[in-house]
Amino acid sequence: MTYYRNAADLPVVWTKALDSNPNENCVECGTLAGTVVMRDSKDPHGPAHVHSLVKFDAFLTAVADRTLVPVA
């Protein structure tokens with residue numbers, strides 16, 4: 001995983017879910033050079049995390065299958 005200090009510096013078109021919370025408590029995603037970039041919608045100048053498409057797909061599958069294991 002790659003980490004960027006300021007997500008606003010990245011050349012990314014940010015998207016969030018259509019059913020997102022009206023108070024903006026959401027994760028926004030975008031793509032950058034074949035990767036998935038994520039940031040907190042409340043803090044657009046805050047950090048961003050970059051993940052490979054394979055790892056992001058595995059994450060989404062685990063969420064959908066309800067097999068995501070919480071970190072203690």
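Just the heavy atoms: all of them, side chains too, but no hydrogens, waters or symmetry mates, feed the values below. Predicted model only: the values in this text are computed from it and were never measured.
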Residues passing the side chain to side chain contact (heavy atoms under 4.5 Å, CB included) test with Thr2, sequence neighbours excluded, are Tyr4, Val50
Minimum heavy-atom separation for Ala7 to Trp14, with atom names? O-CZ2, 3.8 Å
Which atom names give the shortest non-hydrogen contact between Thr35 and Leu53, and what distance separates them? C-CD2, 4.3 Å
Asp43 CG to Asn6 CG distance, which is reported to the nearest 0.5 Å: 8.5 Å
For the residue pair Val37 and Val12, what are the closest heavy atoms and their distance? CG2-CG2, 4.3 Å
Check: Pro44 main-chain N/O paired with Arg39 side-chain donor or acceptor under 3.5 Å: yes
Would you say Val63 ends up clustered with Phe56 if hydrophobic residues are merged whenever their side chains have heavy atoms under 4.5 Å apart, either directly or through other cluster members? yes
Any residue meeting ring-ring contact (aromatic ring centres under 6.0 Å, His included) with His45, in chain and number order, not counting sequence neighbours: none
When rounded to the nearest 0.5 angstrom, what is the spacing between CG in Asp57 and NE2 in His51? 13.5 Å
Please check if Leu10 and Met38 belong to a single hydrophobic cluster, counting links between Ile, Leu, Val, Met, Phe, Trp and Tyr side chain heavy atoms closer than 4.5 Å. no
Run the side chain to side chain contact (heavy atoms under 4.5 Å, CB included) check on Phe59 and Leu68 step by step: do they pass? CA-CA 8 Å; Phe59 167 73; Leu68 189 64; 4.0 Å; yes
Taking side chain to side chain contact (heavy atoms under 4.5 Å, CB included) as the test, write out the residues that go with Thr67, two or more places apart. Ala62, Asp65
So, for Asp40 and Cys26, which heavy atoms are closest and what is the spacing to 0.1 Å? OD1-O, 3.6 Å
